[in-house]
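Below: the structure, in structure tokens.
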Protein chains: 4
Amino acid sequence: MSSFRAQKMAKKKQEILRSAAAILVEKGYQGTTMEEIAAKLLMTKGSMYYYFKNKDDLLFQCHLMIMEICLDGIEKVIESDRNPIEKLRCAIKEHILLATSEKSMFMALSKPHHNFSDEQLQEVLGLRKSYSHYFDRIIHEGIDKQAFGSVDVKMVRLIILGALNWIQEWYDQNGPQSADEISEAYADYLLKMLVK
Amino acid sequence: MSSFRAQKMAKKKQEILRSAAAILVEKGYQGTTMEEIAAKLLMTKGSMYYYFKNKDDLLFQCHLMIMEICLDGIEKVIESDRNPIEKLRCAIKEHILLATSEKSMFMALSKPHHNFSDEQLQEVLGLRKSYSHYFDRIIHEGIDKQAFGSVDVKMVRLIILGALNWIQEWYDQNGPQSADEISEAYADYLLKMLVK
Amino acid sequence: MSSFRAQKMAKKKQEILRSAAAILVEKGYQGTTMEEIAAKLLMTKGSMYYYFKNKDDLLFQCHLMIMEICLDGIEKVIESDRNPIEKLRCAIKEHILLATSEKSMFMALSKPHHNFSDEQLQEVLGLRKSYSHYFDRIIHEGIDKQAFGSVDVKMVRLIILGALNWIQEWYDQNGPQSADEISEAYADYLLKMLVK
Amino acid sequence: MSSFRAQKMAKKKQEILRSAAAILVEKGYQGTTMEEIAAKLLMTKGSMYYYFKNKDDLLFQCHLMIMEICLDGIEKVIESDRNPIEKLRCAIKEHILLATSEKSMFMALSKPHHNFSDEQLQEVLGLRKSYSHYFDRIIHEGIDKQAFGSVDVKMVRLIILGALNWIQEWYDQNGPQSADEISEAYADYLLKMLVK
DNA sequence: CATGAATGAGCTTTCATTCAT
DNA sequence: CATGAATGAAAGCTCATTCAT
């Protein structure tokens, strides 16, 4: 009943967010206009405001949605019964696949400080931290199980995430390398930093 | 005489560019206003247009300037008589130092495609390619001299530059780690991907 | 049957008008949104358009309703068998009570010229004129019966109505003076202008 | 030098304020658009923002300007060596002349609470209170000197100001009565409330 | 009848850009 | 050369209004 309506609204919101994410990743926050987002969905500017309070809100929800997808992905990896090496390889692959196919804007919005309210910022940073922690956990596990050498966990994680997020800058859907090949190669090289 | 004038103008241009770069890195292209840039230099908006055709031009020159600094840095490294391992270590350190101290916006401006004219874009991409090639040359040299394993040069370079450029996202001047320490650690870990 | 429906509709209309009047008086015509009016009645924006053609119409009907109440009030006073002094005193009291309790927007909407159609404007002005005439009649009656001095009727009426309508600007339901006390005092002072 | 520029800017500001005041009085805050104000001065919307931070600021300065004019007027009356009756008569005349000729919006903007920031509101209310106090002072003086009966000062002042402010609602520059005649009549009648 | 959803006109505001002085 | 001033295009946002269901 009312939940039906609510669900329909939620679907529409998701649709908008998905579409908006692509543009936001492409052009950045300031470079994206509400009109553009609307036009891509054959809507009008005004209609967006039925679903989202304002541009900031839209961007924020975008962030949340993508972060959730990312977190879902890595949580499954964490909970699997793979060994740490395989876990890290999977996490890397997953991240790259999201970043290339789903237009993930994970951590893609530089300096979110300038766009979000304090409250929103806290939530975004919290989720980012969660995601980072999952990576740290895998690395720690590897060290404990002596699969990895005793590295500076935070540093290594920053290197890995940096390398992964940079892919969006140069990845070309029609380029010579498939996302799969890239992720395979990335996983191989990055793991060399860790395995004994 | 006219060269005197020209030199004075060049100085002023440099001054503006240096100041603008800092703000541009902080707030992004669209988030930075001409007024802000002018205010920081105690100028007025209008005056900027004596030195630069328009905002895009300013951004473009900014890019050129920073790229030149970066290229100067790596060229010196290339021409030194260090071995490949030391060269790569130096290049990494140099890049990080520029990225943290000089507020380099090297490659920091994502997707320049949207702001530059075709002509400008070609020049920027050319310089970026030059910079990349220098890294590639060091890696190739390492492989030839059997200091590095036979890696996929382009892939490894992308990983390295990605990791380096990400530093700007989290680096905090007042944080616990100095740029020096970071660069040391980064160089160590990244080299692990390469050395046999 | 149809009269039953009609009656039910009329009731609803009244309900809406009463609620709308309060907000309109508070925030003015332009400051009041259809949504606000609807929300206060737990309706939706769209539903209002079943009862009223548009916002102007709503405002117009609002005016009519309130004017009718005011006119009813003063007509009863006129028809009573009080002497002119008592009639004027009553009329003043009645006006103040309406203005403070019932949130009368009598003449409260300044410059209605900008919101109403010509036709509507004529009707509103007509009713306003009627109301004014009732005051004039009382004053004339007082002069004829030598209860009042021979004043400029229109001028005195304008003074009285101005003083009365201003009350809405400063009246505070929780203030020290009750509407009753205010009306008592106002009547006393205003009558001093008239009585010999 | 710089004061010359500043003075020129101040002049322009005044010019805008004067023009804006007229429209604001006519159409109210929400009904007035920046474009209208600009158009009347053969300017463009954008230019207004060179002189005023935003619409609220413009309105606020408008208020201040008019209040200052009003206060100047009544201060001169207060300081004159007239007797209380003449002072009150002058104050009333002055107010009416301002309200009719100068398009005074003194206290004309109903419910300023909805448009001003707390800080601004305090200042506006402060000035209003000052103006009111001047009237009170005259009335008190009259009572002390036994020119007036012992009336409720606040009440009488509210009646007077209400009557005066209402004039804007019906005054017509081309009407039969001149502002002078009106003010003469108003002063006469209103004083009857006071004199013994 | 009522409403959820969509629309589009209109408003405030920002800002790159221009130009007379 | 530098600047104060002006401009206009474009953005974000609001809201009266409509309409299929």
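Predicted, not measured: the structure shown is a model, and the values here were computed from it. So that the names make sense, note that chain A is the first sequence line, chain B the second, and so on, each numbered from 1.
- Look at F:dC15: its Watson-Crick or wobble partner, with both distances under 3.5 angstrom, is E:dG8.
- The CD1 atom of B:Ile16 sits 12 Å away from the C1' atom of F:dA2 (whole-angstrom rounding).
- Base pairing annotation: F:dA20 forms a Watson-Crick or G-U wobble pair with E:dT3, both donor-acceptor distances under 3.5 Å.
- Residue C:Tyr49 is classed as a base contact, given a heavy-atom separation below 4.0 Å to a base.
- For the pair B:Ile23 CD1 and E:dC15 P, the computed distance is 13 Å after rounding to whole Å.
- Distances from the side chain of A:Ser47 to the nucleotides F:dA6, F:dA16, E:dT7 place E:dT7 closest.
- Comparing C:Gly46 and D:Met9 by the nucleotide of DNA chain F that holds the closest heavy atom to each, the one mapping nearer the 5' end is D:Met9.
- Put simply, CD on A:Glu15 is 14 Å from C1' on E:dA5, counting in whole angstrom units.
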Verdict with supporting geometry, B:Lys40 and B:Glu36, side chain to side chain contact (heavy atoms under 4.5 Å, CB included): CA-CA 6 Å; B:Lys40 202 180 168 190; B:Glu36 238 174 330; over 6 Å; no

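- Across all strands shown, B:Thr33 has heavy atoms under 4.0 Å from sugar-phosphate atoms exclusively, and none from any base.
- Looking at the side chain of B:Tyr50, the nearest of the listed nucleotides E:dT17, E:dT12, F:dA2 is F:dA2.
- When rounded to the nearest whole Å, the span between CG of A:Leu41 and P of E:dA6 equals 11 Å.
- Counting only heavy atoms from C-beta outward, the side chains of A:His63 and A:Phe116 approach each other to under 4.5 Å.
- Between the side chain of B:Ser19 and the backbone N or O of B:Glu15 there is no donor-acceptor pair closer than 3.5 Å.
- Rounded to whole angstrom, the span from the CZ atom of D:Phe4 across to the P atom of F:dG4 amounts to 13 Å.
- DNA chain F is contacted by both A:Lys55 and C:Glu35; A:Lys55 maps to the nucleotide lying nearer its 5′ end (nearest heavy atom per residue).
- If you take CD of D:Gln30 and P of E:dT12, they are 10 Å apart, rounded to a whole angstrom.
- For D:Lys45, the side-chain atoms get nearest to E:dT13 when compared with the rest of F:dC13, E:dT13, F:dA6.
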Evaluation steps, side chain to side chain contact (heavy atoms under 4.5 Å, CB included), between A:Tyr51 and A:Leu58: CA-CA 9 Å; A:Tyr51 296 98; A:Leu58 178 61; over 6 Å; no

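- Spacing between atom CE of B:Met34 and atom P of E:dT18 amounts to 10 Å, rounded to whole angstrom units.
- In this structure, CG of C:Asp57 is placed 14 Å from P of F:dA16, rounded to the nearest angstrom.
- A:Phe52 comes within contact range of no nucleotide atom at all, as no heavy-atom separation falls under 4.0 Å.
- For the residue pair D:Gln61 / D:Asp57, a side-chain donor-acceptor distance below 3.5 Å is found, with atom types taken as modelled.
- Note on C:Tyr51: a side-chain N or O is less than 4.0 Å away from OP1 or OP2 of E:dA2.
- The residue among B:Asn54 and C:Met48 whose nearest nucleotide of DNA chain E is located toward the 5' end is C:Met48.
- Mapped onto DNA chain E by nearest heavy atom, B:Thr32 and A:Thr44 fall at different nucleotides, with A:Thr44 at the one closer to the 5' end.
- Looking at heavy-atom distances under 4.0 Å, D:Lys8 makes no contact with the nucleic acid at all.
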From CA spacing to verdict: side chain to side chain contact (heavy atoms under 4.5 Å, CB included), A:Ser117, A:Asp56: CA-CA 9 Å; A:Ser117 73; A:Asp56 278 6; over 6 Å; no

